[in-house]
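Report on one structure; see the data block that follows.
It should be emphasised that the depicted structure is a prediction, and the values quoted were computed from it without experimental measurement. The first residue in the sequence is number 1, and the count goes up from there.
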Amino acid sequence: MTDNIKEENIQESCQENENTENKKEDKKTMGKEILSWVLTLTLAIVVGLLVRNFGVEPVRISGPSMDNTLHDGQLTILNRFSYVIGDPQRGDIINCHSVYYNERIVKRVIGIPGDTVEIIGGDIYVNGVEIDDSYAIHANDSLGPITVPEGQYFVVGDNRPMSGDSRLPYVGMIDRDLIYGKLLGIIYPFEDIQFTGLNIPH
């Protein structure tokens, strides 16, 4: 009889310990969820203030065309004032409107007005000089040489095999007035935050 009581007490004690541990885990999970909501809300407020006061706006990356620099689902910051004074430069990552796709796209500027662009076996030459694009995923394609007209820009995705861009005649070059601005950095997910190394001068 005594042994049975002891066994029951042990079982009750184990159950209580298990319940206590479960409660601790639930509190940890709830704490993480609350923190995630707080960070997301804070981000939304910061982005809203930036858009209102400094002419920047969030741009979400869609698709793989800018791998490995930018990835699908990442949230970036666009500076709409970047080209109010001055023009896009080679290596800038821009957000622009594609007439062919009828949507906003993110690409890298390779050629500016007056440049001669040629692609040989996936290597890109601008004005006869091969660009340093070690950041890119290369494709074995060839093009040109072609000259970038005034008021237009030759843009390419960093993931060349998966990018519809100025290499394709039906996409073509991007008019200056269809460029919204320059990407400044990645702001979400938080572990991907980055404000340097995106725009690489060529």
Step-by-step side chain to side chain contact (heavy atoms under 4.5 Å, CB included) determination, I179 to I174: CA-CA 7 Å; I179 297 176; I174 300 296; 3.9 Å; yes

Residues I93, L70; criterion side chain to side chain contact (heavy atoms under 4.5 Å, CB included); working and verdict: CA-CA 10 Å; I93 297 179; L70 301 169; 4.2 Å; yes

Let's go through Y180 and L78 carefully: what are the C-alpha distance in whole Å and the side-chain angles of both, what is the deciding distance for side chain to side chain contact (heavy atoms under 4.5 Å, CB included) to 0.1 Å, and is it a yes or a no? CA-CA 8 Å; Y180 298 112; L78 174 77; 4.0 Å; yes

May I have the step-by-step check of side chain to side chain contact (heavy atoms under 4.5 Å, CB included) for D87 and R176, ending in yes or no? CA-CA 8 Å; D87 294 307; R176 174 66 176 80; 3.1 Å; yes

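Minimum heavy-atom separation, P113 to G151: CG-N, 3.8 Å. In terms of heavy-atom proximity, D72 sits nearest to G63 at OD1-N, 2.7 Å.
A distance of 8.0 Å separates CD1 of I187 from CD1 of I193, quoted to the nearest 0.5 Å. Distance check, rounded to the nearest 0.5 Å: CG of D67 to CD1 of I61 gives 10.0 Å. Between the CG atom in N68 and the CD1 atom in I137 there is a gap of 4.0 Å [rounded to 0.5 Å]. Taking CG from L184 and OG from S82, the interatomic distance works out to 5.5 Å, rounded to the nearest 0.5 Å. One finds the CG atom of N95 at 8.5 Å from the CZ atom of R80 (value rounded to the nearest 0.5 Å). From T76, atom OG1 reaches atom CD of E57 across 9.0 Å, with rounding to the nearest 0.5 Å.
No continuous path of ILVMFWY side-chain contacts below 4.5 Å connects V129 to I120, so the two sit in separate hydrophobic clusters. Hydrophobic clustering places Y135 together with V117 (ILVMFWY residues linked when any side-chain heavy atoms are closer than 4.5 Å, directly or through intermediates). Both I146 and I124 sit in one connected hydrophobic cluster of ILVMFWY residues. Membership requires side-chain heavy atoms under 4.5 Å apart, directly or through other members. Hydrophobic cluster membership differs between I131 and V109, with clusters built from Ile, Leu, Val, Met, Phe, Trp and Tyr side chains linked at under 4.5 angstrom. The hydrophobic cluster containing L143 also contains V148, counting ILVMFWY residues as joined when their side-chain heavy atoms lie under 4.5 angstrom apart, directly or transitively.
For the pair Q74 and P189, the minimum side-chain heavy-atom distance is below 4.5 Å. Within the 4.5 Å cutoff, side-chain heavy atoms of V106 are placed close to those of V59. Looking at heavy atoms from C-beta onward, D132 lies in side-chain contact with S134 at the 4.5 angstrom threshold. Residues Y100 and L168 form no side-chain contact, since every pair of their non-hydrogen atoms from C-beta on lies 4.5 Å or further apart.
Salt bridge E118/R167: absent, no basic N to carboxylate O contact under 4.0 Å.
A donor-acceptor pair under 3.5 Å links the side-chain atoms of D115 to the main chain of I112, judged by distance alone. For N79 (side chain) and F81 (main-chain N/O), a donor-acceptor pair under 3.5 Å exists by modelled atom type. The backbone N or O of G172 sits less than 3.5 Å from a side-chain atom of S166, completing a donor-acceptor pair. Judged by distance alone, with hydrogens and angles left aside, the side-chain atoms of T116 form no donor-acceptor pair with the main-chain N or O of T147 at under 3.5 Å.
Using modelled atom types and a 3.5 Å distance limit, the side chains of D175 and Y153 yield no donor-acceptor pair.
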Side-chain donor-acceptor contacts of residues 154-163 below 3.5 Å, not counting sequence neighbours, with atom names and distances?
residue : atom : partner : partner atom : Å
D158    : OD1  : R108    : NE           : 2.9
D158    : OD2  : T69     : OG1          : 2.6
D158    : OD2  : R108    : NH2          : 2.8
N159    : ND2  : P64     : O            : 3.0
R160    : NE   : G157    : O            : 3.1
R160    : NH1  : D133    : OD2          : 3.0
R160    : NH2  : D133    : OD2          : 3.3
S163    : OG   : K107    : NZ           : 2.8
S163    : OG   : G157    : N            : 3.2
S163    : OG   : D165    : OD2          : 2.7

